[in-house]
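When a ligand or atom number is given, it counts from 1 through the structure's own listing order. In this text the structure is predicted, and so the values were computed from the model without any measurement.
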Amino acid sequence: MYTQGLDQTEPLGEDDLSRLSERFESKVAAEQKVEPTDWMPDAYRTLLTRQIAQHAHSEIVGMLPEGNWLSRAPSLRRKGILLAKVQDEAGHGLYLYSAAETLGVTRDELVEQLLAGTAKYSSIFNYPTLQWADVGAIGWLVDGAAIMNQVPLCRCSYGPYARAMVRICREESFHQRQGFEVMTVLAQGSPAQRAMAQDALDRWWWPSLMMFGPPDAESTHNDRSMRWKVKRFTNDELRQKFVDMTVPQAHYLGLTIPDPDLSYDGEYWRFGEPDWAEFKRVLTGDGPCNRERLAARNKAHDDGAWVREAAVAHADKKRARAVAS
Ligand code: FAQ
């Protein structure tokens, strides 16, 4: 039992717990931020640690599909933009690991879980980037879905997560625009370029809808997360908002959303059901690139061992010098 917010070492009695719990609930209800030194229920801490860690892992693994095109970008300008974007994703992972650490878990523990394959990260990053237009589709659709999901997280009840999200969302909005610009150039280009853009949309559309998570009826964390103001909208609400935002953009590009059930009812774009069996397969490690992604992260970690060792040796030397002087 965590006892932050209580100036005592004795075990908590029933009365203390209910007083702390009431104080916590009223703070959340009053839209005040919960900070790391505040008392919080264990279940709140667990919920947040899980979500922030999965989010951090997603940013880190999310560098891999686009990283695949860094050496093959079609121009120096495109390469520079893509390098900056991939670096931004690394930065997002680091802010998020830091936010998770405020809840009592270490970054080393989280990284170990990722490398061992016991941690989740977003399903979307288990799909391959087969051609250049995939980089455009990731920016347009994947960053677009990420923004739709993450802007409400800037109002999350947990202070460190909410503050990290403010900066991340600013950067993600540039990412989305660069992706849409890549798609615009291809969609207005030669027939072969238009076909590339359509092919990328065909392959990334459904996985992008799955990013919002299972349907509300099957979401295990939704009720608690909404009650504690971690999530502000349900999975299905955000998925609908994303479809309503994106369909007109596809029309502007002259591309076709690969969904025969798509229709406008005067208020919303109604759409077909994603393949939830495929979603489950990807979550249980059997997506098109799950093994490849884990192998790439493990290799990067092993290749970076000398950097970590050098940093520790440098810190030890600095400490020894400070003690001697
Ligand atoms: N993939 O009960 P719910 C990005 C899991 S960042 C994998 O509905 P919740 C930037 C879920 O964890 C993208 N697992 O869960 C970028 C839970 O499993 P557990 C990442 C999924 O938390 C762009 C179980 O299913 N964004 O793209 C997925 O209430 C371009 C039941 O689900 C975030 O992490 C999924 N798609 O709602 C980088 C945002 N969906 O833990 C590079 C923060 C669900 O019980 C390039 N996260 N699961 O074993 C969230 O908003 C929420 O966690 C949701 C899921 C909405 C993802």
| task | Taking only heavy atoms of Met210 into account, list the atoms of ligand 1 that are under 4.0 Å away from them. | result | 36 (N)
| message | I want to confirm something. Looking only at heavy atoms, which of Asn235, Val230, Asp143 is nearest to atom 8 (O) of ligand 1? | response | Asn235
| message | Distance under 4.0 Å to a non-hydrogen atom of Tyr161: what atoms of ligand 1 satisfy this? | response | 43 (C)
| said: Using a plain distance cutoff, I'd like to know if Ser58 has any nitrogen or oxygen under 3.5 Å from a nitrogen or oxygen of ligand 1. | reply: no
| request: Output the list of atoms in ligand 1 that are nearer than 4.0 Å to some heavy atom of Gly62, sorted by atom number. | output: 42 (C), 46 (C)
| said: Which option wins on minimum heavy-atom distance to atom 34 (O) of ligand 1: Met63, His55, His175? | reply: His55
| Which bit of Gln51 is near ligand 1, meaning a heavy atom under 4.0 Å away: side chain, backbone, both or neither? | side chain
| remark: Here the atoms of ligand 1 under 4.0 Å from any heavy atom belonging to Arg50 are 9 (P), 11 (C), 12 (O), 17 (C), 22 (O), 41 (O)
| query | What is the distance from atom CZ of Phe271 to atom CG of Asp261, rounded to the nearest 0.5 Å? | reply | 11.0 Å
| request: State whether the shortest distance between N or O atoms of Ser225 and N or O atoms of ligand 1 falls below 3.5 angstrom. | output: no
| Which segment of Asn149 sits under 4.0 Å of ligand 1 when only heavy atoms are counted | side chain
| query | Glu66 heavy atoms, cut-off 4.0 Å: which ligand 1 atoms fall inside? | reply | 46 (C)
| said: Can you confirm, on distance only, whether ligand 1 has an N/O atom lying under 3.5 Å from any N/O atom belonging to Phe212? | reply: no
| query | By number and element, which atoms of ligand 1 are closer than 4.0 Å to a non-hydrogen atom of Ala146? | reply | 4 (C), 27 (O)
| said: Checking the N or O distance criterion of under 3.5 Å, is ligand 1 in contact with Lys231? | reply: yes
| message | Heavy-atom distances under 4.0 Å decide this one: backbone, side chain, both or neither, for Ile124 against ligand 1? | response | neither
| query | By number and element, which atoms of ligand 1 are closer than 4.0 Å to a non-hydrogen atom of Gln150? | reply | 6 (S), 26 (N)
| Residue Thr220 vicinity, atoms of ligand 1 by number, heavy atom under 4.0 Å | 2 (O), 31 (C)
| said: Please report whether ligand 1 has a polar contact with Glu89, defined as an N or O pair separated by less than 3.5 Å (distance criterion only). | reply: no
